[in-house]
Protein chains: 2
Amino acid sequence: MAYNIPVEATLDVIGGKWKVVIMCHLIKGEKRTSELKKLMPTITQKMLTQQLRELEHDGVVNRMVFDQVPPKVIYSLTEYGWSLRPILDAMCAWGEHHIEVIEEN
Amino acid sequence: MAYNIPVEATLDVIGGKWKVVIMCHLIKGEKRTSELKKLMPTITQKMLTQQLRELEHDGVVNRMVFDQVPPKVIYSLTEYGWSLRPILDAMCAWGEHHIEVIEEN
DNA sequence: TAATGTAGGCACTTTAAAGTACCTATATCC
DNA sequence: GGATATAGGTACTTTAAAGTGCCTACATTA
């Protein structure tokens, strides 16, 4: 793909409603699908899977499947994914200075 | 508004297809509407105006209207808008390391 | 034995984002 | 007098994003 301005490449990878949120959670450590689901109560199973697939396809997220029942899948950031860290950190930091957060239970 | 994770507040302000691109241009200096339009050949007039209105509403962009004909309007980042700079810089930098850019003419 | 939990797949519908087309005002230029 | 340039507005349509509902497998638990 070609862009008019380089930052569009960044948006291609982490644009959209969920990707940044997912990656912000993965920055704190690898997570199972169900853990991510709990951390993001309003995402649907379909959206979660779909976004993870795209992140995996773009090489920023790793999918580790354990051959057991019930199924177990662990997601983590790839080394390439870690290169996005300055962006994610800056976004998280900015957000923290501008809102109230829903209480956890 | 309330969020599950602070970074959602950031996405509220700069999320979407165009806002980051617009702000990356404004970081380099204030711009007239027509200048922004030239810098973003694929944005429509409607989208440009609409996104600028939202950015203005969120306090990150300033709209300066000159009372003359033909009309002249200049957009610039507000001080609050400048607080997003670390994010925009990081996003621009990441993009620059991951694509080819369409040649300008 | 029947319910539970996990990580999805798939078809379909809804909603939100984005795009198209056409309209305004008026000073200045040709 | 008619074209041009500027910064929009508005109604409508298209397209993409997101959501809903229902389905699978099977070991473990109650």
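Since this is a predicted model, take the numbers as computed values, not measurements. Chain identifiers are assigned alphabetically (A, B, ...) following the order of the sequence lines, protein sequences preceding nucleic acid strands; residue numbering begins at 1 within each chain. Computed from heavy atoms alone, side chains included, the values below leave out hydrogens, waters and symmetry copies.
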Practice item. For B:Met47 and C:dA16, give me the distance from atom CE to atom C1', rounded to whole Å. Key: 11 Å
Check your understanding: For A:Gln68, does the CD atom sit with more than 12 other heavy atoms under 6.0 Å from it, leaving out its own atoms?
Key -> yes
Review point. Between A:Trp94 and B:Ala9, which heavy-atom pair has the shortest distance, and what is it?
Key: CZ3-O, 4.1 Å
Point to revise | Distance, rounded to the nearest Å, where A:Gln68 contributes CD and C:dT6 contributes P | key: 12 Å
Check your understanding: If you look at every heavy atom in A:Cys24 and B:Ile5, which pair is closest and at what distance?
Key -> CB-CD1, 4.2 Å
Exercise for review: Could you tell me whether B:Lys46 contacts a base, only the sugar-phosphate backbone, or nothing, with contacts defined as non-hydrogen atoms closer than 4.0 Å?
Suggested key: base
Study note, to complete from the structure: The correct set of residues in residues 31-39 of chain A placing a heavy atom under 4.0 Å from DNA chain C is A:Arg32, A:Thr33, A:Ser34
Practice item. Give the rounded distance in Å between these two atoms: CD of B:Gln45 and P of C:dC22. Key: 16 Å
Practice item. May I ask you to check whether B:Tyr3 and A:His98 place their ring centres under 6.0 Å from each other? Key: no
Study note, to complete from the structure: Picking from D:dT20, D:dA18, C:dA27, the nucleotide nearest the side-chain atoms of A:Gln51 would be D:dA18
Practice item. Can you measure from CD (A:Gln51) to CD1 (A:Ile14) and round to the nearest 0.5 angstrom? Key: 12.5 Å
Check your understanding: Of A:Trp18 and B:Leu52, whose closest DNA chain D nucleotide lies nearer the 5' terminus?
Key -> B:Leu52
Study note, to complete from the structure: note: A:Leu48, atom CG; D:dA18, atom P; distance rounded to Å ~ 13 Å
Exercise for review: Starting from P on C:dT26, measure out to CG on B:Asp67 and report it in whole angstrom.
Suggested key: 11 Å
Exercise for review: Looking only at side-chain atoms of A:Thr49, point me to the closest of C:dT26, D:dT6, C:dG9.
Suggested key: C:dG9
**Study point:** Spacing of A:Ile74 atom CD1 relative to C:dG8 atom C1', expressed in whole Å
**Key:** 16 Å
Check your understanding: Across the strands shown, which category fits A:Tyr75 at heavy-atom distances under 4.0 angstrom: base, sugar-phosphate, nothing?
Key -> sugar-phosphate
Point to revise | Same apolar cluster: B:Tyr80 and B:Val13, side chain cutoff 4.5 Å | key: yes
Review point. Could you state the CZ-C1' distance from B:Arg63 to D:dT6, rounded to the nearest angstrom?
Key: 12 Å
Review point. Over how many whole Å does the gap from B:Ile43 atom CD1 to C:dA18 atom C1' extend?
Key: 10 Å
Review point. Closer than 4.0 Å, any side-chain N/O of A:Arg53 to the OP1 or OP2 of C:dG9?
Key: yes
Check your understanding: In terms of hydrophobic clusters joined by side-chain contacts under 4.5 Å, are B:Val65 and B:Leu77 together?
Key -> yes
Exercise for review: Report yes or no: does A:Thr78 contribute a side-chain atom to a donor-acceptor pair with the main-chain N or O of A:Asn62 at less than 3.5 Å?
Suggested key: no
Check your understanding: Between B:Lys72 (side chain) and B:Pro70 (backbone), is there a donor-acceptor pair under 3.5 Å?
Key -> no
Check your understanding: Hey, is the side chain of B:Lys17 poking within less than 4.0 Å of OP1 or OP2 on C:dG19, counting only N and O atoms?
Key -> yes
Revision key, fill the gap. As a check of understanding: the bend across the helix from C:dT1-D:dA30 to C:dC30-D:dG1, end axes from five pairs, rounded to 10 degrees, works out to 10°
**Study point:** A:Glu56, A:Lys31, A:Glu35, A:Arg63 screened by side chain to side chain donor-acceptor pair (under 3.5 Å) with A:Tyr75, the one that passes
**Key:** A:Arg63
Check your understanding: Can you tell which of D:dA27, C:dT6, D:dG9 lies closest to the side chain of A:Pro70?
Key -> C:dT6
